[in-house]
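A short worksheet on the structure shown next.
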Number of protein chains: 2
Amino acid sequence: MNAKDGPLGRDEAEEYASWFKALADATRIQIVSLLARRRAPMSVGEIVAASGVGQSTVSHHLKILADVRFVLVERQGTSAFYRINDACVTCFPTAADVVMGNPAPETPVCE
Amino acid sequence: MNAKDGPLGRDEAEEYASWFKALADATRIQIVSLLARRRAPMSVGEIVAASGVGQSTVSHHLKILADVRFVLVERQGTSAFYRINDACVTCFPTAADVVMGNPAPETPVCE
DNA sequence: ATCGAAAATCGACGATAATCGATTAATCTT
DNA sequence: AAGATTAATCGATTATCGTCGATTTTCGAT
């Protein structure tokens, strides 16, 4: 019904790819599933302790996840608390969306 | 209900990631959407002509997509015809699957 | 103002991945 | 058998990405 007809342009393909790239890494998957199981926000330090990779690495991955609004940040003092963005999880494109040509959600608009 | 409790192990995280990696590239997204719009199988030559990247590159990406059974091949003579694997499109994990801890479909079993 | 804690940023390194051109392999035609 | 066509493979190059340690920034406490 809202399936596009023309072949996907490069730009739209890149937008789709940027979504899938966000979950195309095992460490990020672990972080996301970690945040999902504890329903409560977690500080970076807690995530570092639970994930077994370095602090700068965790911070880097959290930034990537936050860029696509897959996680949300709230800062309190010197700490930063991250949590899953449920709204964004549901708007994340599926393989079927790609195949059926549903419009890709433009990366940063999702909250 | 089948949401796991423990934090995702590294192995399972890698399995998930391997799925998302398959669609984490703009060229592959273009190829997939191309195959999806023409409902009919396409030869590699047609895909090359329509995608604007080199023949060896297209062949490489098709192999990656075929490895996760996202596309299926059928060879006729010197040609190879690729088409979308609808069954695999639907079994492709979603972001919600990751968050809810649904078991990741093991990569190559999907047809 | 200084110190300490927490997270972000920086710079570097190694690994992975995308792309290309050239070559090889497979199959059809004549 | 020879040549032509199609796709896969190979080798090399380049670009991207994940990780780390070190540094910097931010903020609270003393």
Side-chain angles (χ1 to χ4, degrees), chain A residues 8 10-11 13-35 40-68 70-83 107, chain B residues 8 10-11 13-35 40-68 70-83 107:
Chain A
L8 219 58
R10 188 75 188 179
D11 292 347
E14 305 250 20
E15 279 178 28
Y16 265 127
S18 72
W19 280 101
F20 288 103
K21 271 190 237 249
L23 291 187
D25 176 81
T27 302
R28 284 196 290 275
I29 297 263
Q30 283 189 297
I31 290 174
V32 163
S33 91
L34 194 61
L35 290 172
M42 293 178 70
S43 73
V44 176
E46 293 178 277
I47 300 172
V48 169
S51 70
V53 296
Q55 179 264 319
S56 62
T57 303
V58 168
S59 186
H60 171 236
H61 286 305
L62 285 170
K63 176 166 169 41
I64 292 174
L65 291 168
D67 281 347
V68 296
F70 202 89
V71 299
L72 299 176
V73 211
E74 190 162 356
R75 300 179 196 275
Q76 284 182 27
T78 86
S79 297
F81 291 93
Y82 286 84
R83 66 178 198 275
T107 312
Chain B
L8 219 59
R10 189 73 186 184
D11 291 348
E14 305 250 19
E15 279 176 29
Y16 265 127
S18 71
W19 279 102
F20 289 104
K21 271 191 239 255
L23 291 187
D25 177 84
T27 302
R28 285 196 289 276
I29 295 266
Q30 282 189 297
I31 291 175
V32 163
S33 92
L34 195 60
L35 291 171
M42 294 178 71
S43 74
V44 175
E46 293 178 278
I47 300 172
V48 169
S51 70
V53 298
Q55 179 264 319
S56 62
T57 303
V58 167
S59 186
H60 171 238
H61 286 304
L62 285 171
K63 176 165 170 39
I64 291 174
L65 291 168
D67 281 347
V68 297
F70 203 89
V71 299
L72 299 176
V73 211
E74 192 161 357
R75 299 176 197 279
Q76 284 182 27
T78 87
S79 297
F81 292 93
Y82 285 83
R83 66 176 198 277
T107 312

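Throughout, protein chains are lettered first and strands after them, A, B, ... in sequence-line order, and every chain is numbered starting at 1. Everything quoted here is computed from the prediction, not taken from an experiment. We use all heavy atoms of the structure for the numbers below, so side chains are in, but hydrogens, waters and symmetry mates are not.
- Taking atom CD on Gln55(A) and atom C1' on dT9(C), their separation rounds to 10 Å, with Å as the unit.
- Counting to the nearest Å, the P atom of dC28(C) and the CD atom of Gln76(B) are 10 Å from each other.
- For Arg75(B), no side-chain nitrogen or oxygen approaches OP1 or OP2 of dT27(C) to under 4.0 Å.
- No side-chain donor-acceptor contact under 3.5 Å links Arg10(B) to the backbone of Gln30(A).
- Phe81(B) has its CZ atom 19 Å from the P atom of dA26(C), to the nearest Å.
- With rounding to the nearest 0.5 Å, the separation of CG in Leu62(A) from CE in Met42(A) is 10.0 Å.
- Rounded to a whole Å, the NE2 atom of His61(A) is 13 Å from the P atom of dA8(C).
- Val58(A) comes within 4.0 angstrom of nothing in the nucleic acid, heavy atoms only.
- Taking Ser33(B) as the reference, Leu8(A), Arg37(B) meet the side chain to side chain contact (heavy atoms under 4.5 Å, CB included) condition, with sequence neighbours excluded.
- At the heavy-atom level, Ser59(A) lies under 4.0 Å from base atoms of the strands shown.
- When heavy atoms are screened at a 4.0 angstrom cut-off, Ser56(A) is found touching base atoms of the nucleic acid.
- Nearest-nucleotide positions on DNA chain C place Thr78(A) closer to the 5' end than the other of Thr57(A) and Thr78(A).
- Across all strands shown, Tyr82(A) has heavy atoms under 4.0 Å from sugar-phosphate atoms exclusively, and none from any base.
- Within the nucleic acid shown, His60(B) comes within 4.0 Å of at least one base atom, counting heavy atoms only.
- Residue Asp25(B) contributes atom CG, which lies 18 Å from atom P of dT16(C) at whole-angstrom precision.
- Each of Ile47(A), Val53(A), Val71(A) was compared with Ile31(A) under the side-chain contact (heavy atoms from CB on, under 4.5 Å) criterion, and only Ile47(A) meets it.
- The side chain of Ser43(A) places an N or O atom within less than 4.0 Å of a non-bridging phosphate oxygen (OP1 or OP2) of dA7(C).
- Heavy-atom contacts of chain A under 4.0 Å fall on DNA chain D between two terminal nucleotides, which in 5' to 3' order are dC17(D) to dG28(D).
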